[in-house]
Engineer: 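Once you've had a glance at the structure underneath, I'll fire off some questions.
When reading the values below, keep in mind they use all heavy atoms of this one structure, side chains included, and skip hydrogens, waters and symmetry mates.
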Amino acid sequence: MKPVRILLLSVVAAILTSCGTTSTVPITGRKQNLIVSDEQVLSLSNQQYEEYMKTAKKSTNAANTAMVQRVGQNLANAVVSYLNANGLSAEVSQYKWEFNLVQNTELNAFCMPGGKIVVYEGLLPVTQDEASLAIVLGHEIAHAVAKHSAERLSNAYKQQYGLQILGAVASGMGVSDGTVQLGQLVAQAGGQFFTAGFSRKQESEADHMGLIFAAMAGYDPQGAVSFWQRMSQATGGGSSSLLSDHPSDADRIQNLQGWMPEALQYYKPKPAATTTTTSTKKTTKTTKTTKKTTKKK
């Protein structure tokens, strides 16, 4: 019985794998098998993002909002340049970048597939500067670039329908084309795939990629260690949604330090802002008044 079960599981794995495509994650080179298409993921994520923004309250702090948009766009430009330079131009068209700072005291941020990025105001006292904000946004953007949501949907697809396929094969009934319906899975999943924590492997991969993206955008990656130390202190060791399912604090810091030499190869500091002081010279014109003395004759 055991060999038969192993054989059936092998058949299921072969069927599910053959239905998908093999993708390579940028930067890390990790291979992933995706059952769902970019179009399916983007369609669902855009719907969920629109629903979220209907209830979210945008920040009224103009300076902080501008900072989030500025840092986010710098990262987006760096990512697009990297993709274009590495034969991934086809990926660029799926991103419609948008950056929002919302009124929420939680220490959190997220990036939907397609480049819809949200930062909570509660995170800014911990980031403290643009370089640390770039580390956070780089991490979130990495989830989108690495197609982690599509990977999660694909794995859920396999788990949900794998048993049905196994049952069909075991009973000799075959596999019905109508059984495996991604639409049903997506409807049941709702928005949790885009806001809930990713796997520890995916979170670590996002740390790695995010560090590189921040460096590409001209932000010093060496600030990542001190930022995550502050995050750990602020959350008491990992109570933030941003930290859920992440590696332990000690492992994260060790990993970041290990990736630092690679990140520094991409790092080109942004030119310091040039402050132009305009000196207004006051020209004092001395008007000589010549008094004409009229001699009375």
Engineer: Main chain of T105, side chain of E121: is a donor-acceptor contact present, judged purely on distance under 3.5 Å?
Structural biologist: no
Engineer: Please lay out, stage by stage, how H139 and E203 fare under the test side chain to side chain donor-acceptor pair (under 3.5 Å).
Structural biologist: CA-CA 8 Å; H139 173 98; E203 292 293 355; 3.0 Å; yes
Engineer: Provide the closest heavy-atom pair for P26 versus L83 in the form atom of the first, atom of the second, distance.
Structural biologist: CG-CD2, 4.4 Å
Engineer: Could you check whether any side-chain N or O of S154 sits under 3.5 Å from a backbone N or O of A150, counting only pairs where one atom can act as donor and the other as acceptor?
Structural biologist: yes
Engineer: With a 4.0 Å cut-off, would you call R30 and E151 a salt bridge?
Structural biologist: yes
Engineer: If I take atom CD from residue Q73 and atom CG from residue L137, how far apart are they, to the nearest 0.5 angstrom?
Structural biologist: 11.5 Å
Engineer: Would you list the pairs meeting salt bridge (Lys or Arg N to Asp or Glu O under 4.0 Å) in which at least one residue belongs to residues 217-230, sequence neighbours left out?
Structural biologist: none
Engineer: Apply salt bridge (charged side-chain N to carboxylate O under 4.0 Å, His left out) to E51 and list each qualifying residue two or more places apart in sequence or on a separate chain.
Structural biologist: K54
Engineer: Is there a donor-acceptor pair closer than 3.5 Å between any side-chain N or O of N86 and the backbone N or O of L88?
Structural biologist: no
Engineer: Is the side chain of S226 donor-acceptor paired with the backbone N or O of G223 at a distance under 3.5 Å, no angle test?
Structural biologist: yes
Engineer: Okay, side chain of S45, backbone of P113: is any donor-acceptor separation there less than 3.5 Å?
Structural biologist: yes
Engineer: Test your reading of the model: is there a side-chain donor-acceptor pair from S232 to the backbone of W228, 3.5 Å cut-off?
Structural biologist: no
Engineer: Taking atom CE of M260 and atom CG of N255, what is their separation to the nearest 0.5 Å?
Structural biologist: 11.0 Å
Engineer: What is the distance from atom NZ of K201 to atom OG1 of T28, rounded to the nearest 0.5 Å?
Structural biologist: 10.0 Å
Engineer: Could you report the tightest heavy-atom contact between G138 and F213, atom names first, then the distance?
Structural biologist: O-CD1, 3.9 Å
Engineer: Which is it for M112 and E98 under the side chain to side chain contact (heavy atoms under 4.5 Å, CB included) test, yes or no, and what are the steps along the way?
Structural biologist: CA-CA 10 Å; M112 292 279 198; E98 187 175 329; over 6 Å; no
Engineer: Applying salt bridge (Lys or Arg N to Asp or Glu O under 4.0 Å), which residue pairs with at least one partner in residues 66-87 are found, sequence neighbours left out?
Structural biologist: R70-E130
Engineer: Could you measure the distance from the SG atom of C111 to the NE2 atom of H148? Nearest 0.5 Å is fine.
Structural biologist: 12.0 Å
Engineer: Taking Q202 for the side chain and S199 for the main chain, is one N or O donor matched with an acceptor at less than 3.5 Å?
Structural biologist: yes
Engineer: Okay, side chain of S43, backbone of E39: is any donor-acceptor separation there less than 3.5 Å?
Structural biologist: no
Engineer: Looking only at heavy atoms, which two atoms of N64 and L101 are closest? And how far apart?
Structural biologist: CB-CD2, 3.5 Å
Engineer: Can you tell if the side chain of Q233 reaches within under 4.5 Å of the side chain of V126, non-hydrogen atoms only?
Structural biologist: no
Engineer: Given side chains that start at C-beta, do those of I135 and L211 come closer than 4.5 Å, heavy atoms only?
Structural biologist: yes
Engineer: Is N100 close to Y49 at the side-chain level, that is, under 4.5 Å between some pair of heavy atoms?
Structural biologist: yes
Engineer: Indicate whether any N or O donor in one side chain lies under 3.5 Å from an N or O acceptor in the other, for S204 and D207.
Structural biologist: no
Engineer: Would you say the side chain of L124 lies within less than 4.5 Å of the side chain of T127, judging by non-hydrogen atoms?
Structural biologist: yes
Engineer: Could you tell me which non-hydrogen atom of V25 sits nearest to which non-hydrogen atom of A146, and how far apart they are?
Structural biologist: CG1-CB, 3.7 Å
Engineer: Apply side chain to side chain contact (heavy atoms under 4.5 Å, CB included) to the pair I35 and N33, showing each step before the final yes or no.
Structural biologist: CA-CA 7 Å; I35 300 294; N33 180 256; 3.8 Å; yes
Engineer: Is any side-chain heavy atom of I27 closer than 4.5 Å to a side-chain heavy atom of M216?
Structural biologist: yes
Engineer: Would you please classify the geometry between the Y120 ring and the F110 ring as parallel, tilted or perpendicular, with 30° and 60° separating the classes?
Structural biologist: perpendicular
Engineer: Just jot down the side-chain hydrogen bond (donor to acceptor under 3.5 Å, both in side chains) partners of Q229, sequence neighbours excluded, or say none.
Structural biologist: none
Engineer: Between Y219 and N74, which heavy-atom pair has the shortest distance, and what is it?
Structural biologist: OH-ND2, 2.8 Å
Engineer: Are N46 and E50 close enough that a side-chain donor and a side-chain acceptor fall under 3.5 Å?
Structural biologist: no
Engineer: Can you confirm whether Y95 sits close enough to V145 that some side-chain heavy atom of one is under 4.5 Å from a side-chain heavy atom of the other?
Structural biologist: yes
Engineer: Step by step, would you call S81 with N84 a side chain to side chain donor-acceptor pair (under 3.5 Å)?
Structural biologist: CA-CA 5 Å; S81 295; N84 283 330; 5.9 Å; no
Engineer: Once rounded to the nearest 0.5 Å, what's the spacing between atom CG of N155 and atom CD of Q32?
Structural biologist: 9.5 Å
Engineer: Could you tell me if the side chain of R252 sits less than 4.5 Å from the side chain of L256, heavy atoms only?
Structural biologist: yes
Engineer: Do the side chains of I212 and W259 get nearer than 4.5 Å, heavy atoms only?
Structural biologist: no
Engineer: With sequence neighbours left out, write down each residue that passes ring-ring contact (aromatic ring centres under 6.0 Å, His included) with Y267, or none if nothing qualifies.
Structural biologist: none
Engineer: Could you report the tightest heavy-atom contact between A109 and L123, atom names first, then the distance?
Structural biologist: CB-CD2, 4.1 Å
Engineer: Which residue pairs pass the salt bridge (Lys or Arg N to Asp or Glu O under 4.0 Å) test with at least one member in residues 75-97, sequence neighbours excluded?
Structural biologist: E91-K147
Engineer: For T60 and Q103: C-alpha separation, side-chain torsions, deciding distance, then whether side chain to side chain contact (heavy atoms under 4.5 Å, CB included) applies.
Structural biologist: CA-CA 8 Å; T60 57; Q103 298 178 40; 3.8 Å; yes
Engineer: Can you establish whether the number of heavy atoms outside Q128 located under 6.0 Å from its atom CD is more than 12?
Structural biologist: yes
Engineer: As a quick check of understanding, evaluate side chain to side chain contact (heavy atoms under 4.5 Å, CB included) for Y52 and K116, giving each step before the final call.
Structural biologist: CA-CA 11 Å; Y52 172 81; K116 309 300 185 184; over 6 Å; no
